[in-house]
Amino acid sequence: MIITSDGPFGKTSLALNFIAKGEHPNSVLYFSLEQPSFRVYKKLIDIDAKTDTRYETKNKKVLAKLEKAVDWLERDDVLVCEEQNPSIDFMRDMICQAGVPAVFVDSLQMFPKEKDETIANVVKKLKALAIERRVPMVVLGKTTEEEEQLADVVLKIERIDGGPYVNINITKNRYGYPKKLKFLFCAVISDFSREEEK
């Protein structure tokens, strides 16, 4: 799966919403090539608690949610690898060691390439690894039509008139039909929800 957007926003947040709101029997492996692991965990806590944790609060309900979120992360449900130059062999070893049901790569543009190697070739390598290890892989980044043709599913995030609502367009779905879904996106806590406009 590829998650892309019409601007520099929302891709990481959408991926972390999948993780925070999903049910996973084992750990999820998240290769963070753009930001340190503590920022990824912080965003996961914000999503789980539905609160901006940048500011201290004395609200007991919020604190209880934060404690629950921290416990959830401490159970190693999410393994964040912030290796800056992961090779395919390194990723294969990490996937084997962790025994994960899903892998996320953030982001495609930061993935190390050989001289004159194209992004499309990187996508091919990642897809081959996903097939070899029999693990679903979600790749984040700006993509072209050539790269999107290699994916089974492509989600594109599109802002609606600069407001808080976004469309998540399933522009390619090898297992079904294209679809357009409307979400409310709260950037402060990186949260997507299906709330309707009032």
Side-chain angles (χ1 to χ4, degrees), residues 1-24 28-35 37 39-55 57 59 61-62 65-66 68-70 72-73 77-78 80 100-110 123 126 130 136-145 147-198:
M1 175 191 291
I2 288 176
I3 298 177
T4 187
S5 67
D6 62 358
F9 70 94
K11 297 181 288 292
T12 299
S13 295
L14 183 59
L16 295 180
N17 270 259
F18 287 153
I19 294 169
K21 297 174 181 179
E23 294 292 329
H24 310 289
V28 170
L29 182 55
Y30 194 97
F31 288 96
S32 182
L33 311 184
E34 287 193 306
Q35 45 190 317
S37 57
R39 288 194 66 191
V40 175
Y41 285 124
K42 157 77 170 58
K43 284 186 177 184
L44 284 166
I45 288 170
D46 287 349
I47 293 165
D48 191 61
K50 287 196 174 289
T51 305
D52 180 6
T53 58
R54 289 179 299 178
Y55 307 106
T57 178
N59 184 318
K61 285 184 180 177
V62 170
K65 284 182 180 180
L66 287 176
K68 179 184 167 199
V70 170
W72 167 69
L73 292 172
D77 286 346
V78 183
V80 179
V100 294
V103 174
F104 291 77
V105 180
D106 184 8
S107 82
L108 196 51
Q109 277 65 38
M110 300 301 291
V123 173
L126 292 172
M137 188 174 291
V138 180
V139 180
L140 287 57
K142 293 179 183 176
T143 52
T144 64
E145 192 173 321
E147 291 133 24
E148 291 171 9
Q149 287 305 312
L150 298 167
D152 292 325
V153 178
V154 177
L155 303 182
K156 183 170 184 181
I157 305 166
E158 174 186 76
R159 270 210 168 132
I160 303 174
D161 301 326
Y165 287 87
V166 297
N167 283 326
I168 297 179
N169 299 319
I170 304 171
T171 58
K172 180 182 179 186
N173 185 359
R174 214 179 288 278
Y175 310 105
Y177 297 100
K179 214 180 241 188
K180 184 180 276 192
L181 305 169
K182 185 177 179 181
F183 283 81
L184 176 64
F185 176 50
C186 180
V188 175
I189 60 170
S190 302
D191 187 55
F192 286 84
S193 63
R194 290 300 302 275
E195 292 179 30
E196 295 298 321
E197 266 182 294
K198 293 180 182 178

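Only heavy atoms go into these numbers, but all of them, side chains included; no hydrogens, no water, no symmetry mates. FYI, the numbering just counts along the sequence from 1.
- Every residue was checked against the side-chain hydrogen bond (donor to acceptor under 3.5 Å, both in side chains) condition with Thr4, not counting sequence neighbours, and none meets it.
- Looking at residues two or more places apart in sequence or on another chain, you find a side-chain hydrogen bond (donor to acceptor under 3.5 Å, both in side chains) between Asp152 and Arg174, Tyr175.
- Put simply, CZ on Phe31 and CE on Met137 are 7.5 Å apart, with the number rounded to the nearest 0.5 Å.
- By the side-chain hydrogen bond (donor to acceptor under 3.5 Å, both in side chains) test, Ser5 is found to be paired with Lys11, residues two or more places apart in sequence or in another chain being considered.
- Note: Asn173 CG to Met1 CE = 8.5 Å, rounded to the nearest 0.5 Å.
- Between Phe183 and Ile168, the shortest heavy-atom contact is CD1-CD1, 3.6 Å.
- The shortest non-hydrogen separation linking Val166 to Ile160 is C-CD1, 3.8 Å.
- In this structure, the separation between CG on Leu33 and CG on Leu108 is 9.5 Å, given to the nearest 0.5 Å.
- In this view, Leu150 and Ala120, Val123, Lys124 satisfy the side chain to side chain contact (heavy atoms under 4.5 Å, CB included) rule, not counting sequence neighbours.
- The two atoms that bring Pro101 and Pro136 nearest to each other are O-CD, 3.0 Å, heavy atoms only.
- Between Ile157 and Gly10, the closest heavy-atom pair is CD1-O, 3.2 Å.
- Residues Ser32 and Val80 meet the side-chain proximity criterion, which asks for heavy atoms closer than 4.5 Å.
- No donor-acceptor pair closer than 3.5 Å links the side chain of Glu34 to the backbone N or O of Ser107.
- Contact record, Val154 with Ala151: CG2-CB, 4.0 Å, taken as the closest heavy-atom pair.
- Residues passing the side chain to side chain contact (heavy atoms under 4.5 Å, CB included) test with Thr12 are Leu16, Tyr30, Gln35, Lys43, Asp106, Leu140, sequence neighbours excluded.
- Distance check: Asp191 CG to Leu14 CG gives 10.5 Å after rounding to the nearest 0.5 Å.
- Judged by distance alone, the side chain of Lys21 and the main-chain N or O of Ile47 form no donor-acceptor pair under 3.5 Å.
- Closest non-hydrogen pair, Lys179 versus Leu181, comes out as CD-CD2, 4.0 Å.
- Distance check: Ile3 CD1 to Phe18 CZ gives 4.5 Å after rounding to the nearest 0.5 Å.
- To the nearest 0.5 angstrom, Lys172 atom NZ is 15.0 Å from Lys156 atom NZ.
- Not a single side-chain hydrogen bond (donor to acceptor under 3.5 Å, both in side chains) links Thr171 to another residue, sequence neighbours left out.
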